[in-house]
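Read the structure below first, then the notes.
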Amino acid sequence: MLSNISLLRTAATSAIRRTMVTEAAHRPPLDLYGLNARYANATYIAASKSESLEAVETELLAIKHSAENSKEFASFLENPLISRDSKTKSVEDMLKGKTTSVTMNLMTTLAGNARLNSVVGITDSYVQLMKAKRGEVEATIISAEALNKTQTAAVSEAMKSQFPKGAKVVLKTEVDPSILGGLQIQIGDKFLDLSVGSRIEEVGRTAV
């Protein structure tokens, strides 16, 4: 009898350990908070378990693109006068056979919870999780005039010490004439202002 109890305990412990290892393997790589993050986290876990992380990312980005570029679709997402049931049915009809079950489940859940207007923010949070999974670090160089390839490469080389070892750097360049000259650099949540405009403002604030 005692032997049977011991075997049951061992089996139960092993099952719990396997479950914990499995859950850890699908856990989002970042701790994001807020309503959008809750949906994004749940979607990430579901997509990881079904091995469809990249597919879901592509689908959500396509939905975001439609929301930002189609007035009709944006109006549908935001219209509070359309009932939840009607929105859910419309979403099912639009996406049936075109997306993974994970994306379909997210969109119908949002429709049922009257949260379809949050899909752009949820997509942004999901993409943030995917970038973290891939070890990507976003860096943006802002200049008063467009940089040529040589200048961009020189700035990128100078920025290397700011990146975590082994990071995959996603470099973007932007032009903002209002900074007058110099550069502004955004690396993740870090911001470095080396612009002429900021120096002029600093002089203006200095007491004479």
Side-chain angles (χ1 to χ4, degrees), residues 27-41 43-44 47-48 52-74 77-78 99-100 102-103 106 116-206:
R27 187 176 300 144
L30 279 181
D31 292 326
L32 300 180
Y33 302 96
L35 184 61
N36 289 344
R38 281 171 51 195
Y39 284 105
N41 288 334
T43 302
Y44 181 95
S48 179
S52 58
L53 284 167
E54 288 77 13
V56 170
E57 181 181 25
T58 299
E59 291 165 357
L60 291 182
L61 285 171
I63 292 170
K64 175 185 174 180
H65 182 269
S66 296
E68 293 178 333
N69 293 277
S70 168
K71 290 183 179 180
E72 183 179 356
F73 186 55
L77 296 177
E78 297 172 8
T99 68
T100 60
V102 175
T103 298
L106 170 64
L116 277 175
N117 59 345
S118 298
V119 70
V120 170
I122 292 168
T123 297
D124 289 341
S125 294
Y126 185 89
V127 170
Q128 194 176 349
L129 294 176
M130 289 298 292
K131 286 179 177 177
K133 179 183 182 296
R134 291 188 288 260
E136 294 178 359
V137 176
E138 282 192 349
T140 303
I141 303 171
I142 305 169
S143 56
E145 297 180 354
L147 301 178
N148 59 39
K149 289 183 179 180
T150 301
Q151 291 169 325
T152 301
V155 176
S156 179
E157 182 66 25
M159 292 163 54
K160 276 188 176 180
S161 63
Q162 301 296 318
F163 302 128
K165 188 176 181 179
K168 300 175 185 176
V169 181
V170 180
L171 185 64
K172 296 190 297 181
T173 59
E174 295 180 5
V175 175
D176 181 1
S178 69
I179 71 173
L180 302 179
L183 298 171
Q184 291 179 335
I185 300 172
Q186 181 90 38
I187 303 174
D189 58 358
K190 298 177 182 178
F191 184 73
L192 182 61
D193 193 346
L194 304 174
S195 67
V196 173
S198 69
R199 296 293 180 264
I200 292 174
E201 289 181 6
E202 187 176 326
V203 171
R205 290 193 298 268
T206 302

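Keep in mind that the numbers below use all heavy atoms, side chains included, and drop hydrogens, waters and symmetry copies.
Just one residue in the list R27, M130, E57 forms a side-chain contact (heavy atoms from CB on, under 4.5 Å) with Y44, and that residue is M130.
Atoms CG and OG, on L53 and S48 in that order, are 5.0 Å from each other to the nearest 0.5 Å. The CG atom of L192 sits 11.0 Å away from the CD1 atom of I141 when rounded to the nearest 0.5 Å. To the nearest 0.5 Å, the span separating CG on N41 from CG on N36 amounts to 10.5 Å. Atom CD of residue Q186 and atom CG of residue D193 lie 10.5 Å apart, to the nearest 0.5 angstrom. One finds the CG atom of D176 at 12.0 Å from the CD atom of E145 (value rounded to the nearest 0.5 Å).
S52 is linked by a side-chain hydrogen bond (donor to acceptor under 3.5 Å, both in side chains) to S50, counting only residues two or more places apart in sequence or in another chain. By the side-chain hydrogen bond (donor to acceptor under 3.5 Å, both in side chains) test, T103 pairs with E59, T100, sequence neighbours left out. Listed by chain and residue number, H65 satisfy the side-chain hydrogen bond (donor to acceptor under 3.5 Å, both in side chains) test with N69 (two or more places apart in sequence, or in another chain). Judged as a side chain to side chain contact (heavy atoms under 4.5 Å, CB included), and not counting sequence neighbours, the contacts of A132 are P29, L30. Scanning for side chain to side chain contact (heavy atoms under 4.5 Å, CB included) contacts around E136 gives K131, R134, K168, V170, with sequence neighbours left out.
For residues 116-129, the set of pairs meeting the side chain to side chain donor-acceptor pair (under 3.5 Å) definition, not counting sequence neighbours, comprises K64-D124.
Using a 4.5 Å cut-off on side-chain heavy atoms (C-beta onward), Y39 and V119 make no contact. Between K149 and T152 there is no side-chain heavy-atom pair separated by less than 4.5 Å. Using a 4.5 Å cut-off on side-chain heavy atoms (C-beta onward), L106 and L60 make contact. Using a 4.5 Å heavy-atom cutoff, the side chains of T140 and E174 are in contact.
The shortest heavy-atom contact between V56 and A47 is CG2-CB, 3.9 Å. The minimum heavy-atom distance linking L129 with A40 is given by the pair CD1-O, 3.9 Å.
More than 12 non-hydrogen atoms from other residues, nucleotides or ligands lie less than 6.0 angstrom from CD of E68.
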